[in-house]
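All remarks here apply to the structure that follows.
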Amino acid sequence: MDQDYERRLLRQINHQNLPEGQLTKSGYATCSPVSVKSGDRFIPTRAGSNWSINFHYANENCWSPNQNQRSKDASADSGKDAVAYAALLRNELLGAGIETVPDPHTDDRRQAVLNQDTHSLFRYTIHTKRVPFDSGNEISPYSLSPLSNKSHKLLRSPRKPARKISKIPFKVLDAPELQDDFYLNLVDWSAGNLLSVGLGACVYLWSACTSQVTRLCDLSVDGDSVTSVCWNERGSLVAVGTHKGFVQIWDAAGGRKLTSLEGHSARVGALAWNGEQLSSGSRDRVILQRDVRTPPPVERKLQGHRQEVCGLKWSPDHQHLASGGNDNKLLVWNSSSLQPVQQYSEHLAAVKAIAWSPHQHGLLASGGGTADRCLRFWNTLTGQALQSTDTGSQVCNLAWSKHANELVSTHGYSQNQILVWKYPSLTQVAKLTGHSYRVLYLAVSPDGEAIVTGAGDETLRFWNVFSKTRCTKESKSVLNLFTRIR
């Protein structure tokens, strides 16, 4: 390269890098003459450039807001890959021996992986004898992969899809005159996908398939009101408990009343079917069990509660009946005895929320009222109390998932929330809010994926709690379907 040309290039570079105050009037930098060695390479100087910032701004400026949002979503979705990669590095560098990919959506598991080995990477160790490769810690001499056996197991471990539960209901129905009474049970979902709701003196049926609403009965002509509703297992008959102590059996398809059962002297707030037998619990502290195929005088009278009976549930094997009362007692009855076979007194408030597990034989869950606030689990085969947890608010209802070992609870004072729990760890999967009053009513869809909740705010809200494939992007809409028909 020509020496004069090289000097001019160096003088121009110095002129660009020096501040303006160090330039002479002629525009050239004042510097002492230096001896420049000749050569055939020219390396430009980039001392004043910050390439990381420049590239960052270039990417920010060229992306649209939608692309930025998609980038954030992609980074969120890649959280599990990042956890798997971190576990892989720990296996190879620190010998952590991790074989399964932790769930990135569970904070305690993620912290356990990140904090599993917090000491220094470089440390003094005592040299021990090398274990053979078939122990799972070393690389097989016949393997072409540089990874250890533990890392291979880690990469082959199944990855569960991320569990996402929508925090907003996919449907909201207006339900005027839905009573704000803890001791009533006014919502039930049939096997035929019909929702029955007791509103004041009327019972309405809402079809989840067609969204059609029909009025089943009106008790105002008798000066009575609805206090409970319950479908039979086939979804053809609906039992209606009344304030005056009657239990009416209605044919849903034909819209006609089949029979009216007497026997209670006060309101009937709890109903439970067991095949063709119907159990009813009342404020008169009595549980009546009757076969709807026989004349009304045939009945079994169960007396064990000292105050109003507010919860009734039959076990999945149809052998035991669980009852909860305002006397803070949880009783278990069999199909032959007139006395309870088990009695649990650990609750400190009324026991309305009762649910039998469909996954474990003899497992019973119960929830207490405002003064108790606890979820408790019982082994009715041995009579032992298993576990309990304080939910922080009044427990109004319980329901198990049909497909997974999970259950949902609805609550009243003071948080009015809906909680989804994993069993037996009793970790919260989701917390749903939206009702402004106590969430007193709960029913599960026949497919076991959705639930409906009702509250004193006179709304019914539908949630995809146990769903795995349904879309949760549907916007909330308030449908005034339950209007009074005159």
Side-chain angles (χ1 to χ4, degrees), residues 167-189 195-206 213 215 218-220 224-230 240-243 266-271 281 283 308-312 324-326 349-355 367-373 391-399 408-419 431-444 450-463 465 476-484:
K167 296 301 180 68
I168 61 173
F170 64 87
K171 188 181 293 293
V172 179
L173 302 180
D174 187 20
E177 295 190 36
L178 185 62
Q179 298 187 50
D180 183 25
D181 194 327
F182 176 80
Y183 300 99
L184 306 185
N185 293 274
L186 298 176
V187 177
D188 198 18
W189 208 330
L195 189 70
S196 61
V197 184
L199 301 177
C202 300
V203 175
Y204 293 92
L205 304 181
W206 177 79
V213 179
R215 186 178 64 180
D218 187 355
L219 306 182
S220 61
D224 210 345
S225 61
V226 180
T227 54
S228 57
V229 294
C230 185
V240 179
T242 73
H243 185 77
R267 70 180 182 185
V268 179
L271 296 168
R283 182 183 273 181
E308 179 174 5
V309 180
C310 50
L312 284 178
N326 197 35
V351 182
K352 177 192 176 185
I354 302 172
T370 306
D372 183 73
R373 307 175 304 177
T391 65
S393 57
Q394 177 188 43
V395 184
C396 301
N397 281 286
L398 283 174
V408 59
S409 60
T410 66
H411 299 268
Y413 300 126
S414 59
Q415 301 182 32
N416 305 328
Q417 79 273 35
I418 303 165
L419 300 178
K431 178 179 180 180
L432 309 176
T433 57
H435 286 289
S436 56
Y437 281 69
R438 297 181 295 174
V439 189
L440 298 175
Y441 311 110
L442 169 68
V444 183
I451 64 171
V452 58
T453 57
D457 55 9
E458 298 185 345
T459 62
L460 296 174
R461 298 172 185 264
F462 295 78
W463 314 80
V465 171
K476 180 178 72 173
S477 61
V478 178
L479 307 178
N480 189 1
L481 294 181
F482 287 108
T483 56
R484 286 171 289 184

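Side chains included, hydrogens not; waters and symmetry mates left out as well; all remaining heavy atoms used. Note that this is a predicted model, so its numbers are computed, not measured.
- Counting all heavy atoms, side chain and backbone alike, Gly200 lies closest to Gln179 at O-NE2, 4.4 Å.
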Evaluate the side chain to side chain contact (heavy atoms under 4.5 Å, CB included) criterion for residues Ile451 and Trp189: first the C-alpha distance (whole Å), next the side-chain angles of each, then the deciding distance (0.1 Å), finally the verdict.
CA-CA 9 Å; Ile451 64 171; Trp189 208 330; 5.9 Å; no
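- Nearest approach of Leu271 to Gly241, heavy atoms of both residues: CD1-N, 3.7 Å.
- Scored by the side-chain hydrogen bond (donor to acceptor under 3.5 Å, both in side chains) test, Thr453 finds His435, Trp463 as partners (sequence neighbours excluded).
- With Gln394 contributing its side chain and Gly369 its backbone, the two residues share no donor-acceptor pair below 3.5 Å.
- Contact of the Leu199 side chain with the Tyr204 side chain is registered, since non-hydrogen atoms from C-beta on lie closer than 4.5 Å.
- Side chain of Thr227 to backbone of Thr242: a donor-acceptor contact under 3.5 angstrom is found.
- Under the 3.5 Å distance criterion, the side-chain polar atoms of Ser228 are matched with a main-chain donor or acceptor of Val268.
- For the pair Val465 and Leu432, the minimum side-chain heavy-atom distance is below 4.5 Å.
- The two residues Gly311 and Ala270 have their closest heavy-atom pair at N-CB, 4.0 Å.
- Side-chain atoms of Tyr437 and Thr459, non-hydrogen and from C-beta on, never get closer than 4.5 Å to each other.
- The shortest heavy-atom contact between Ala371 and Ala349 is N-CB, 3.8 Å.
- Here the side chains of His243 and Leu219 are not in contact, with every heavy-atom distance at 4.5 Å or above.
- Panel note: side chain Thr410, backbone Asn397; a donor-acceptor pair is recorded below 3.5 Å.
- Between Leu419 atom CG and Thr433 atom OG1 the span is 10.0 Å, to the nearest 0.5 Å.
- Residues passing the side-chain hydrogen bond (donor to acceptor under 3.5 Å, both in side chains) test with Asp188, sequence neighbours excluded: none.
- The shortest non-hydrogen separation linking Gly281 to Leu312 is N-CD1, 3.4 Å.
- The main-chain N or O of Glu308 is never found under 3.5 Å from a side-chain atom of Asn326 such that the two would form a donor-acceptor pair.
- Residues Cys310 and Lys352 come closest through the heavy atom pair O-CG, 3.5 Å.
- No side-chain heavy atom of Val197 sits less than 4.5 Å from a side-chain heavy atom of Val229.
- In this structure, Thr370 OG1 and His411 NE2 are separated by 12.0 Å, a value rounded to the nearest 0.5 Å.
- Between the Asp218 side chain and the Cys202 main chain, no donor and acceptor come within less than 3.5 Å of each other.
- Residues Leu460 and Leu178 are in side-chain contact: their nearest non-hydrogen atoms beyond the backbone lie under 4.5 Å apart.
- Side-chain contact between Arg283 and Tyr183 is absent, with no heavy atoms from C-beta onward closer than 4.5 Å.
- We find the CG-OG distance between Leu442 and Ser409 to be 9.0 Å, quoted to the nearest 0.5 Å.
- With a 4.5 Å cut-off on side-chain heavy atoms, Gln415 and Thr391 do not count as touching.
- The number of heavy-atom neighbours closer than 6.0 Å to CZ of Phe462, taken from other residues, nucleotides and ligands shown, is above 12.
- Judged by distance alone, the side chain of Lys431 and the main-chain N or O of Gln417 form no donor-acceptor pair under 3.5 Å.
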